[in-house]
Chemist: 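Let me begin by handing over the structure; questions about it come next.
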Amino acid sequence: MFETKDLAKLSRDLYDGKEVVFDNGNSGEKVLRNVIFEALGSKDGEKIDYYKFQENKHKFFQIISVAVDAALPTVLTNELDGLAEVRNINHGDEVKFDFEDNGLFRVGLVASGTRDLRRQELVGGSFTIDTDWYGVKVYAELEKFLAGHVNWRAYIDRVARSFSQFIQSKIHEAFVDSYDALRATRKQEGTYDEDQLLELVDHIAAAAGGRQTAIYGTRSALRKISKDDKVLHSDGMKDQINKVGYLGTLAGVPLIALPNAYKAGTEEFALDKDTLLILPQNEKLVSVAFEGQTLAREGSQEERNDMQIEFETLRKLGVQVAQSAVYGMYKFS
């Protein structure tokens with residue numbers, strides 16, 4: 001049986017698409033398959049004995065748990081492009097995120113011979129995130145399961161990606177739901193106007209202490225900016241739009257595409273094509289907390305009259321826009 005750390009590394013490498021080959025010539029995917037089948041009580045990697053599975057299923061579910069735990073943070077890191085700070089804590093612990101105030105200190109006039117200055121706090125502060133259980137339940141027909149026809153690597157990747165998309169939808173919803181609470185200087189709504197957008201960019205840059213700021217949005221939203229009649233398109237700009245769908249910059253401000261996600265249980269996008277986010281670059285504006293380990297287990301067999309095997313994957317997590325976040329939103333029609 002693989003050590004936990006070796007199994008976690010193998011899972012990350014396979015998710016990243018790395019070509020993993022062991023000394024015996026076996027590929028990483030085959031090794032993972034063999035590890036899982038061995039845990040299921042199968043020696044030849046071909047067939048699964050139902051009763052051996054029942055004897056060994058706790059080892060099998062532990063492997064699924066370790067593999068999902070290894071893949072999920074990688075998915076988030078790759079797809080959220082550094083926007084999220086991901087933290088892992090033990091069950092029952094309180095996760096605390098520290099933040100710094102990005103604004104500049106106010107410089108005041110000091111009367112001669114006095115020290116009459118208003119004090120300003122040096123350290124930003126901290127906040128905590130509430131976590132809840134979320135889960136995925138799937139099933140396999142008993143015959144296919146016993147015949148070894150389940151692709152376990154694909155299953156692990158799908159579970160990790162499913163949780164990732166769910167977390168992305170919660171992040172997008174958190175931004176969208178925060179629109180009304182934003183200060184007037186940090187939001188705009190109405191017919192698209194490039195000057196208004198750039199003024200909003202300047203406000204966010206100033207609030208962030210003069211840091212480089214970028215415009216984030218779905219590809220459809222960024223394409224709306226790129227296709228605006230006021231933008232002068234050179235042949236090179238037109239070629240870039242044809243290749244990726246939008247320009248890389250607007251008046252020197254980087255345009256960065258965000259992966260979209262469906263709202264849970266729907267085919268409605270969490271982030272629509274009429275919303276732009278203006279954010280300081282390279283700052284963790286979203287906090288994601290994973291509490292404890294992934295729990296993988298067999299679904300309830302009570303009162304079932306079909307020949308199916310259920311698999312549940314549970315994860316306790318929380319998502320929140322950082323309380324110190326400096327960002328703006330532009331919603332155009």
Side-chain angles (χ1 to χ4, degrees), residues 1-15 32 35-36 39-40 53-80 82-99 125-139 152-153 155-171 173-174 261 264-265 284-302 309-324:
M1 179 68 69
F2 258 36
E3 295 288 337
T4 297
K5 63 179 181 179
D6 296 328
L7 178 60
K9 183 178 185 306
L10 175 59
S11 299
R12 283 192 296 268
D13 288 343
L14 289 176
Y15 170 78
L32 178 61
V35 169
I36 290 175
L40 289 169
F53 162 67
Q54 291 297 327
E55 283 182 33
N56 297 284
K57 61 185 178 183
H58 297 298
K59 296 178 183 178
F60 162 72
F61 285 119
Q62 184 180 9
I63 291 172
I64 299 298
S65 172
V66 171
V68 172
D69 273 344
L72 184 52
T74 303
V75 177
L76 289 175
T77 301
N78 291 352
E79 298 188 357
L80 294 179
L83 291 178
E85 179 182 2
V86 180
R87 193 84 63 80
N88 292 280
I89 60 171
N90 295 323
H91 280 298
D93 288 351
E94 182 181 68
V95 59
K96 181 178 290 186
F97 288 85
D98 298 320
F99 63 84
S126 62
F127 62 94
T128 59
I129 295 179
D130 294 328
T131 56
D132 294 293
W133 283 105
Y134 299 93
V136 171
K137 181 187 287 188
V138 302
Y139 74 91
W152 293 111
R153 178 196 168 183
Y155 170 71
I156 291 166
D157 285 352
R158 286 179 67 186
V159 169
R161 289 183 182 279
S162 297
F163 272 101
S164 174
Q165 182 173 14
F166 173 74
I167 292 169
Q168 287 181 51
S169 71
K170 289 183 70 68
I171 290 172
E173 289 171 7
K284 311 287 188 181
L285 296 180
V286 180
S287 301
V288 180
F290 290 112
E291 183 178 343
Q293 62 186 151
T294 295
L295 298 184
R297 65 185 186 183
E298 186 179 6
S300 174
Q301 298 298 309
E302 297 178 4
I309 299 288
E310 283 188 351
F311 306 98
E312 293 181 359
T313 308
L314 306 174
R315 199 69 174 91
K316 196 171 188 183
L317 59 93
V319 177
Q320 183 173 310
V321 176
Q323 292 183 0
S324 65

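Along the sequence shown, the residues carry numbers beginning at 1. Values reported hereafter were calculated over all heavy atoms of this structure, with side chains retained and with hydrogens, waters and symmetry mates removed.
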Chemist: If we check side chain to side chain contact (heavy atoms under 4.5 Å, CB included) with Arg315, which of these qualifies: Val68, Asp69, Asp132, Val136?
Modeler: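 In the set Val68, Asp69, Asp132, Val136, the residue that makes a side chain to side chain contact (heavy atoms under 4.5 Å, CB included) with Arg315 is Asp69.
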Chemist: How long is the gap from CD on Gln168 to CZ on Arg161, to the nearest 0.5 Å?
Modeler: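 Rounded to the nearest 0.5 Å, the CD-CZ separation comes out at 10.0 Å.
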Chemist: Mind checking the CD1-CD1 spacing from Ile36 to Ile64? Nearest 0.5 Å is all I need.
Modeler: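 It is 4.5 Å, given to the nearest 0.5 Å.
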Chemist: Identify, with sequence neighbours excluded, every residue that meets ring-ring contact (aromatic ring centres under 6.0 Å, His included) alongside Phe290.
Modeler: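 Phe290 satisfies ring-ring contact (aromatic ring centres under 6.0 Å, His included) with no residue once adjacent residues are dropped.
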Chemist: Might you confirm whether atom NZ of Lys316 has over 12 heavy atoms from other residues, nucleotides or ligands at distances under 6.0 Å?
Modeler: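 More than 12 heavy atoms, drawn from other residues, nucleotides or ligands, come within 6.0 Å of this atom.
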Chemist: Would Thr313 and Tyr155 count as having a side-chain donor-acceptor pair, cut-off 3.5 Å?
Modeler: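 Looking only at side-chain atoms, Tyr155 and Thr313 do form a donor-acceptor pair, the distance falling under 3.5 Å.
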Chemist: From Ile171 CD1 over to Ile167 CD1, what is the distance, rounded to the nearest 0.5 angstrom?
Modeler: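 Spacing of CD1 (Ile171) from CD1 (Ile167) equals 7.0 Å.
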Chemist: Going by side-chain hydrogen bond (donor to acceptor under 3.5 Å, both in side chains), name the residues that satisfy it together with Lys57, two or more places apart in sequence or in a different chain.
Modeler: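 Testing Lys57 for side-chain hydrogen bond (donor to acceptor under 3.5 Å, both in side chains), a comparison that skips the adjacent residues, returns Gln54, Glu298.
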Chemist: For Ala71 versus Ala160, what's the shortest heavy-atom pair and its separation?
Modeler: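 In terms of heavy atoms, the two residues are closest at CB-CB, 3.9 Å.
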Chemist: Nearest 0.5 Å please: distance from the CZ atom of Phe163 over to the OH atom of Tyr134.
Modeler: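 So the CZ of Phe163 and the OH of Tyr134 are separated by 10.5 Å.
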Chemist: Within the structure provided, determine whether Thr294 and Val66 are in side-chain contact (heavy-atom separation under 4.5 Å).
Modeler: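 In short, these two side chains do not touch, never coming nearer than 4.5 Å.
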Chemist: Which atom names give the shortest non-hydrogen contact between Ala70 and Ala8, and what distance separates them?
Modeler: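 Heavy atoms of Ala70 and Ala8 come nearest at CB-O, 3.4 Å.
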Chemist: What pairs with Glu291 under side-chain hydrogen bond (donor to acceptor under 3.5 Å, both in side chains), at least two apart in sequence or on another chain?
Modeler: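 For Glu291 the side-chain hydrogen bond (donor to acceptor under 3.5 Å, both in side chains) partners, ignoring immediate neighbours, are Thr131.
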Chemist: For Phe61, what residues pass the ring-ring contact (aromatic ring centres under 6.0 Å, His included) criterion, not counting sequence neighbours?
Modeler: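 Counting only residues at least two positions away or on another chain, Phe61 forms no ring-ring contact (aromatic ring centres under 6.0 Å, His included).
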Chemist: For Glu312, enumerate each residue passing the side-chain hydrogen bond (donor to acceptor under 3.5 Å, both in side chains) test, keeping only those at least two apart in sequence or located in another chain.
Modeler: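 Result, side-chain hydrogen bond (donor to acceptor under 3.5 Å, both in side chains) vs Glu312: Lys137, Arg297.
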Chemist: Could you give the distance from CH2 (Trp152) to CG (Leu40), rounded to the nearest 0.5 Å?
Modeler: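 Taking CH2 in Trp152 and CG in Leu40, the distance rounds to 6.5 Å.
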Chemist: How would you list, by chain and number, every residue that makes a side-chain hydrogen bond (donor to acceptor under 3.5 Å, both in side chains) with Asn56, sequence neighbours excluded?
Modeler: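 side-chain hydrogen bond (donor to acceptor under 3.5 Å, both in side chains) check on Asn56 returns nothing, list empty.
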Chemist: Taking atom CG of Asp93 as the centre, report whether more than 12 heavy atoms of other residues, nucleotides or ligands fall under 6.0 Å from it.
Modeler: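 Yes, the 6.0 Å shell around CG holds more than 12 heavy atoms from other groups.
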Chemist: Look up atom CG in Asp157 and atom OG in Ser164, then write down how far apart they are to the nearest 0.5 Å.
Modeler: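 Those atoms lie 11.5 Å apart.
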Chemist: With sequence neighbours excluded, what pairs up with Ile129 under the side-chain contact (heavy atoms from CB on, under 4.5 Å) test?
Modeler: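 Ile129: side-chain contact (heavy atoms from CB on, under 4.5 Å) contacts with Val95, Phe97, Phe127, Ser287, Gln320.
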